[in-house]
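Report on one structure; see the data block that follows.
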Amino acid sequence: MKRTATGLAAALLAMWAAGATAQMAAPPGIDRNGVSTGSEKPRIPGQNLAGMHVYIRAGLKTHLPGQHDYPQFLADWSKLLTRHGAVVDGSLHAPSAEELKGVDVVVMYKGDVGFMTPAEHAALFDYVKRGGGIVILHDALCGPDPAEMAMLVGGGKKHGEVNYTLDAKVPYTIVDPASPIMKGMTNLTLEPEESFYRMTWAKNPAMHVLATTVIDDTEAARKGGGVGQVVPQIWTYEHSLPGGQPARAFVWMQGHTYANMKNPQIQAMLLRGISWAAKHPVDELVDYKPTIPDNG
């Protein structure tokens, strides 16, 4: 029996729809026969796609050789954090609102982070308001408004004041050895290093001090009146911006001498502090074991 024109058109339409449905059901980059089209995004070898999302906010190199090496930190720690199971992005500029989407914690190692454009300020505050974590290293604490920095991370350093030691001994006294972040940390002394004093501290809520130091007798410390003061150097801070979600910050005041970041105790402490600020299990990065060999 011959098909009518109408019946033939209906049959062809049904065949096309079935093929289109099969094509639509295939994964991205895979055709309906299960063959790669070559358009799928390649997997990054060795990357844990389910890891916490870390954004490294670095800056251009400042100070003498071996000091304040922000670009080297971006290079080294993007690899280190990836090796420890994180999904890492970063730059030498302040992250935009778009770049902060999906980020769990921003690690800042760049001088004078407190100086922000209105757009940078809005992006950072929106990020913290939705509960995003911050890790501050060394003079990222510095800016024009230490009270605002204290509101974000528990403490702030005023730009333009003599409130630093320059090259000094920084002996730690661990005041909360029970903190999981401080696991394995001892009362070691870092040198040459730098510590700050004449800080502005958050009060309601206050930060939680993990370690302090006695300000060393250096020319800058004598000039600023800081010699002998006991000042927090490592702390955590939990807070909520008005109308926002609970957020966390972790601060390590050192990092003047870049090589000190390779100290095994310091490196493990920073990995735990990053995890804690991201609201992930505190040992997640330290204990991470790759599920596939990293041949890259």
Not counting sequence neighbours, which residues clear salt bridge (Lys or Arg N to Asp or Glu O under 4.0 Å) with [X]? List them please.
X	value
Glu191	none
Arg222	Asp217
Arg272	Asp283

Please indicate whether Lys169 has more than 12 foreign heavy atoms, meaning atoms of other residues, nucleotides or ligands, lying under 6.0 Å from its NZ.
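Atom NZ in Lys169 is not packed in, count stays at 12 or less.
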
Between [Y] and [X], is there a side-chain donor-acceptor contact under 3.5 Å, judged purely by atom types and distance?
X	Y	value
Asn163	Lys158	no
Glu99	His93	yes
Tyr164	Thr218	no
Asp167	His256	yes
Asn260	Gln254	no

Measure the shortest side-chain to side-chain distance between [X] and [Y] over non-hydrogen atoms and say whether it is less than 4.5 angstrom.
X	Y	answer
His84	Val54	no
Trp252	Val135	no
Phe196	His138	yes
Met269	Phe250	yes
Met253	Trp235	yes
Met108	Val153	no
Leu271	Trp77	yes
Ile266	Leu190	yes

[atom1]/[X] to [atom2]/[Y] distance, rounded to the nearest 0.5 angstrom?
X	Y	atom1	atom2	value
Ile56	Lys110	CD1	NZ	16.0 Å
Leu80	Gln267	CG	CD	5.0 Å
Leu188	Thr173	CG	OG1	10.5 Å

Would you please name every residue forming a ring-ring contact (aromatic ring centres under 6.0 Å, His included) with His53, sequence neighbours left out?
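ring-ring contact (aromatic ring centres under 6.0 Å, His included) list for His53, sorted by chain: empty.
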
Trp276: ring-ring contact (aromatic ring centres under 6.0 Å, His included) partners, not counting sequence neighbours:
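Per chain and number, Trp276 pairs via ring-ring contact (aromatic ring centres under 6.0 Å, His included) with no residue.
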
Do Tyr109 and His68 have ring centroids that are under 6.0 Å from one another?
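No - the distance between ring centres of His68 and Tyr109 does not fall below the 6.0 Å cut-off.
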
Tell me if the aromatic rings of Phe115 and His159 count as close, with their centers under 6.0 Å from one another.
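Yes, close enough.
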
Find out if a path of hydrophobic residues (ILVMFWY) with successive side-chain heavy-atom gaps under 4.5 Å connects [X] to [Y].
X	Y	result
Val87	Ile274	no
Leu137	Leu92	yes
Phe125	Val251	yes
Val106	Met116	yes
Met199	Val214	no

Atom of [X], atom of [Y] and distance for their closest heavy-atom approach:
X	Y	result
Ala58	Tyr70	CB-O, 3.6 Å
Ile215	Ser195	CD1-OG, 3.3 Å
Pro281	Ser275	O-CB, 3.4 Å
Leu141	Gly155	CD2-O, 3.3 Å
Val162	Ala220	CG1-O, 3.4 Å
Gly85	Asn48	O-ND2, 3.0 Å

Apply the test side-chain hydrogen bond (donor to acceptor under 3.5 Å, both in side chains) to residues Thr165 and Tyr197: give CA-CA distance (whole Å), side-chain angles for both, the deciding distance (0.1 Å), then the verdict.
CA-CA 8 Å; Thr165 60; Tyr197 51 94; over 6 Å; no

Sequence neighbours left out, what passes side-chain contact (heavy atoms from CB on, under 4.5 Å) with [X]? Give chain and number order.
X	result
Leu64	Gln67
Asn187	Ile174
His280	Met52, Asp104, Ala278, Glu284

With sequence neighbours left out, what residues match Asp126 under side-chain hydrogen bond (donor to acceptor under 3.5 Å, both in side chains)?
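By the side-chain hydrogen bond (donor to acceptor under 3.5 Å, both in side chains) rule, Asp126 matches no residue at all.
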
Would you say the side-chain atoms of [X] pair up with the backbone N or O of [Y], donor to acceptor, closer than 3.5 Å?
X	Y	answer
Tyr127	Lys101	no
Lys61	His63	yes
Gln229	Gly225	yes

Could you go through the side chain to side chain contact (heavy atoms under 4.5 Å, CB included) check for His121 and Glu148 one step at a time?
CA-CA 11 Å; His121 187 279; Glu148 181 175 82; 2.9 Å; yes

Applying side chain to side chain donor-acceptor pair (under 3.5 Å) as the test, list every pair that has at least one member in residues 201-214; sequence neighbours left out.
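Qualifying pairs, neighbours excluded: Asp176-His208.
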
Name each donor-acceptor pair under 3.5 Å that joins a side chain in residues 179-186 to protein atoms two or more places apart or in another chain, with its distance.
{"unit_1": "Ser179", "atom_1": "OG", "unit_2": "Ile181", "atom_2": "N", "d": "3.2"}
{"unit_1": "Thr186", "atom_1": "OG1", "unit_2": "Gln265", "atom_2": "OE1", "d": "3.2"}
{"unit_1": "Thr186", "atom_1": "OG1", "unit_2": "Gln265", "atom_2": "NE2", "d": "3.2"}

Can you give me every donor-acceptor pair (side chain of residues 237-247, partner residue at least two apart or in another chain, under 3.5 Å) with its distance?
{"unit_1": "His239", "atom_1": "ND1", "unit_2": "Met151", "atom_2": "O", "d": "3.4"}
{"unit_1": "His239", "atom_1": "NE2", "unit_2": "Leu152", "atom_2": "O", "d": "3.2"}

Checking side chain to side chain contact (heavy atoms under 4.5 Å, CB included) for the pair Leu124/Ile134: CA distance, chi angles, key distance, verdict?
CA-CA 10 Å; Leu124 181 62; Ile134 293 179; 4.1 Å; yes

